[in-house]
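Nothing fancy with the numbering, it's 1 onward along the sequence.
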Amino acid sequence: MKVCIAEKPSVAKDIAQVIGATVRMDGYYEGNGYRVTWTFGHLCTLKEPHDYMPTWKSWQLAHLPIIPPSFGIKLISNKGVEKQFSIIERLVADCDEVINCGDAGQEGELIQRWVLLKTRCKAPVKRLWISSLTEAAIREGFSKLRPAADYDNLYAAGSARAMGDWLLGINATRLFTTKYGTERSVLSIGRVQTPTLAMLVQRQKEINAFKPEDYWELKTTYRDTVFVATIARLETAERAEKGLEYLQGHTFEIVSAETREGTERNPRLYDLTSLQVDANKKYSLSADDTLKHIQALYEKKFVTYPRVDTTYLSEDLHQQVPGILGSMKHYKALTAPILQEPIPKSKAVFNDSKVTDHHAIIPTDVSPETLPLDEKRVYDLVARRFLAVFYPACKVSNTTVEGRAGTVPFRVSGKQILEPGWRTIYPKETKKTDSPADDEQEIPLFEVGEQGPHMPFIHKGRTKAPKAYTEATLLRAMETAGKHVDDDEVRDLLKENGIGRPSTRANIIETLFKRKYIERQKRKLVATQTGINLIDTIQNELLKSAELTGAWERKLRLIEKGEYGAAQFKEELIAMVFQLTSEVKQHKNHL
């Protein structure tokens, strides 16, 4: 008898139907030589401090740092968990082979390994690794089961992450709470949570300290086209008036006019973070909501595995693309032009070197009929992005015209779309950047050397404070460890050092809300006074540094690749916890 352990009941049901385990039992399905059971999230967790030593239950500065001699796991205290675990334990004890059908990612591997560890599993274990829950994907996955040992590094990385978070979270939270906390207040510290909050607090302080200043710019209208003076902004109205008077005494002359044709590259396929960013910008969906919706679409078999950080497809998927496109019946008008020609095998889309365990998020060949509104919106984002990568590039004409009135230089630039290409997929969108599109001017044909009258005028403006983070811009900042990056290729290079993982960032943001360290003001994320006070209390820059946390994330990724030792990572964190504890204990002033 083979026992399959899935990540949740609905997935177990899908697997059971495909492999012929059709008889429903208490806590599992049975049939055709299989028993298919399930977990529901974490059944096990790392032991708490008092499980190692009863005196560690009380929060006392003298007990810190708390470093268990070796980490252990325990069942989560819940009757439903205990019942389901006892079923799994019985099935595992009475089988010839276990098939780990858990979520095909680091957290899913950790959940299943801990359960098998707790059951003292003696049977050989194989791993089902699939990127969608369609019947075809499940059948193919079962025909290519792999030894569990192939994923030992993935488990090592997940285990190192959990132990690292425990060591830092338990010790730093108790340390700062007992040293600086007031009665009944807990100062929550986390390896990813705290640097994320620090970024928000830093931005909030910049906004709070900002003092707007007036400025004046010289502009002029020539042949119904508005030109802007390229000199520095003027700081007084008097200087602006003098400038205006000067301009009024001179005719306007065109000194250069250049038009260049170019292309706008197709957008990349979605990874989880970029999907969350676009869903927040377009529909104001939170990162957590987007994750829930895309996970629901995955479980309904409409999209591939979502918790990914790559924007590429593996090369063997090239042959499946026509079938997927052909199944997208709600997008027939858009798929028809693509299907008229063979699908190009572009390295910008298909690249094995850019794909690890999973490929980018794309639709499956199962097309939805009806969906709840927000799920429909998220599906539409994924579907249109999938179509966009196979359309031609967008051809544009960029025009820059420079003029002069006396000695004052002016410039205007504009863009025309010559062939929309992939922009056909997004008829209402005019710009791919994160910022709202400016109104583009239609620029007439100018001849170098032409002159004529113009209408100069003064534009008065005010300097603006730095923009508050939205969930979209915070996700990008977490992805690049606080560095502002617009270019997709540069962003890819920084992903290795991003803070958190695509699958955990939404939860980190939600935790900050729950702790009341941040709050929403419409689409803005604003640090509360509680959050600001916490960051001000933390003198240790290591805890607040997005860059250093990003370096730890990179080490965890290296553990996953087998290029860094989990034990070494743990030792480094223990050394940091000892150093941090010593610093805080010796600090004289209570803040």
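Between the side chain of Arg127 and the main chain of Gly102, a donor-acceptor pair closer than 3.5 Å is present. A donor-acceptor pair under 3.5 Å is formed between the side chain of Thr310 and the backbone N or O of Lys354. Between the side chain of Lys118 and the backbone N or O of Glu89 there is no donor-acceptor pair closer than 3.5 Å. Of the possible polar contacts, one joining the Lys544 side chain to the Ile538 backbone as a donor-acceptor pair under 3.5 Å is found. Between the side chain of Arg268 and the backbone N or O of Thr311 there is no donor-acceptor pair closer than 3.5 Å. Thr178 contributes a side-chain N or O that, together with a main-chain N or O of Leu175, makes up a donor-acceptor pair within less than 3.5 Å. Side chain of Arg523 to backbone of Lys281: a donor-acceptor contact under 3.5 angstrom is found. Here the side chain of Ser274 pairs no donor or acceptor atom with the backbone of Tyr270 at under 3.5 angstrom. The backbone N or O of Lys47 lies less than 3.5 Å from a partner atom in the side chain of Trp166, making a donor-acceptor pair. Judged by distance alone, with hydrogens and angles left aside, the side-chain atoms of Glu471 form a donor-acceptor pair with the main-chain N or O of Ala287 at under 3.5 Å.
In this structure, Thr196 OG1 and Ile518 CD1 are separated by 9.0 Å, a value rounded to the nearest 0.5 Å. Taken from CD1 in Ile5 to CH2 in Trp38, the straight-line distance is 12.0 Å, to the nearest 0.5 Å. Once rounded to the nearest 0.5 Å, the distance linking CH2 of Trp56 with NE2 of His50 reads 12.0 Å. Here the CG-CG distance, from Leu200 to Leu525, works out to 6.0 Å after rounding to the nearest 0.5 Å. The distance from atom CG of Leu133 to atom NZ of Lys13, rounded to the nearest 0.5 Å, is 14.0 Å. For the atom pair Ile111 CD1 and Lys8 NZ, the distance stands at 9.5 Å (nearest 0.5 Å).
Side chains of Thr273 and Asp271: a donor-acceptor N/O pair is absent below 3.5 angstrom, by distance only. Checking Gln193 against Ser188 by side-chain atom types alone, a donor-acceptor pair falls below 3.5 Å. With 3.5 Å as the limit, one finds no donor-acceptor pair spanning the side chains of Tyr564 and Arg554. In summary, the side chains of Gln529 and Asn533 do present a donor paired with an acceptor at a separation below 3.5 Å, with no hydrogens or angles considered. There is a side-chain donor-acceptor pair under 3.5 Å between Gln106 and Glu560. A donor and an acceptor atom, one from each side chain of Gln276 and Asn280, are nowhere located under 3.5 Å apart.
With sequence neighbours excluded, the residues that form a side-chain contact (heavy atoms from CB on, under 4.5 Å) with Val18 are Glu135, Ile138, Arg139. With sequence neighbours left out, the ring pair (Phe, Tyr, Trp, His ring centres under 6.0 Å) criterion links Phe302 to no other residue. In this view, Glu48 and Lys74 satisfy the salt bridge (charged side-chain N to carboxylate O under 4.0 Å, His left out) rule, not counting sequence neighbours. Residues satisfying the side chain to side chain donor-acceptor pair (under 3.5 Å) test with Tyr28, not counting sequence neighbours, are none. Every residue meeting the salt bridge (charged side-chain N to carboxylate O under 4.0 Å, His left out) condition with Glu375, not counting sequence neighbours, appears here in chain and number order: Lys300.
Of the charged side-chain nitrogens involved, at least one lies within less than 4.0 Å of a carboxylate oxygen, so that Lys205 and Asp536 count as a salt-bridged pair. Using a 4.0 Å cut-off between a side-chain N of Lys or Arg and a carboxylate O of Asp or Glu, Glu553 and Arg191 qualify as a salt bridge. Using a 4.0 Å cut-off between charged side-chain N and carboxylate O, Glu206 and Arg203 make a salt bridge. Using a cutoff of 4.0 Å between basic side-chain nitrogens and carboxylate oxygens, Asp278 and Arg377 are not scored as salt-bridged.
Residue Arg384 qualifies as enclosed at atom CZ: its count of foreign heavy atoms under 6.0 Å is above 12. The local environment of NZ in Lys570 is crowded, with over 12 non-hydrogen atoms from other residues, nucleotides or ligands closer than 6.0 Å. Open room surrounds CD on Glu547; 12 or fewer heavy atoms of other groups in view lie less than 6.0 Å from it. For Lys57, the NZ atom counts as loosely surrounded, since its 6.0 Å shell holds 12 or fewer non-hydrogen atoms of other residues, nucleotides or ligands.
Among Asp103, Ile99, Val98, the one residue that satisfies the side-chain contact (heavy atoms from CB on, under 4.5 Å) test with Cys101 is Ile99.
Smallest separation of non-hydrogen atoms from Lys179 and Lys585: NZ-O, 3.4 Å. Between Tyr180 and Thr537 the shortest heavy-atom distance is CD1-CG2, 3.3 Å. Of all the heavy atoms in Ser314 and Val355, the pair that sits closest is N-CG2, 3.8 Å.
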Which pairs would a plain distance check flag for residues 291-298, meaning a side-chain donor or acceptor within less than 3.5 Å of a matching protein atom at least two apart in sequence or in another chain?
residue : atom : partner : partner atom : Å
Lys292  : NZ   : Asp288  : OD2          : 3.2
Gln295  : OE1  : Arg307  : NE           : 3.4
Gln295  : NE2  : Glu299  : OE2          : 3.0

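In this structure, Phe71 and Tyr52 have perpendicular ring planes: the angle between them is above 60°, well past the 30° mark.
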Evaluate the criterion side-chain hydrogen bond (donor to acceptor under 3.5 Å, both in side chains) for residue pair Gln84 and Thr37; output intermediate values, then yes/no. CA-CA 9 Å; Gln84 188 61 21; Thr37 186; 2.9 Å; yes
Would Arg385 and Asp380 count as a salt bridge (charged side-chain N to carboxylate O under 4.0 Å, His left out) here? Give the steps. CA-CA 8 Å; Arg385 183 59 62 89; Asp380 185 66; over 6 Å; no
For Thr504 and Asn507: C-alpha separation, side-chain torsions, deciding distance, then whether side-chain hydrogen bond (donor to acceptor under 3.5 Å, both in side chains) applies. CA-CA 5 Å; Thr504 62; Asn507 184 55; over 6 Å; no
Would you check, one step at a time, whether the test side-chain contact (heavy atoms from CB on, under 4.5 Å) holds for Leu75 with Val81? CA-CA 8 Å; Leu75 273 185; Val81 166; 4.2 Å; yes
Might you work through the side-chain contact (heavy atoms from CB on, under 4.5 Å) test for Thr364 and Thr304, ending with a clear yes or no? CA-CA 6 Å; Thr364 67; Thr304 57; 4.2 Å; yes
Going through the distances and angles, do His359 and Val308 end up as a side-chain contact (heavy atoms from CB on, under 4.5 Å)? CA-CA 7 Å; His359 54 71; Val308 299; over 6 Å; no
Step by step, would you call Asn208 with Gln204 a side-chain hydrogen bond (donor to acceptor under 3.5 Å, both in side chains)? CA-CA 6 Å; Asn208 293 346; Gln204 193 63 47; 3.3 Å; yes
Verdict with reasoning, His358 to Ser131, per side-chain hydrogen bond (donor to acceptor under 3.5 Å, both in side chains): CA-CA 6 Å; His358 292 285; Ser131 287; 2.9 Å; yes
For a side-chain contact (heavy atoms from CB on, under 4.5 Å) check, start with the C-alpha distance between Thr173 and Leu187, then their side-chain angles and the critical distance, and finish with the verdict. CA-CA 6 Å; Thr173 297; Leu187 303 183; 5.9 Å; no
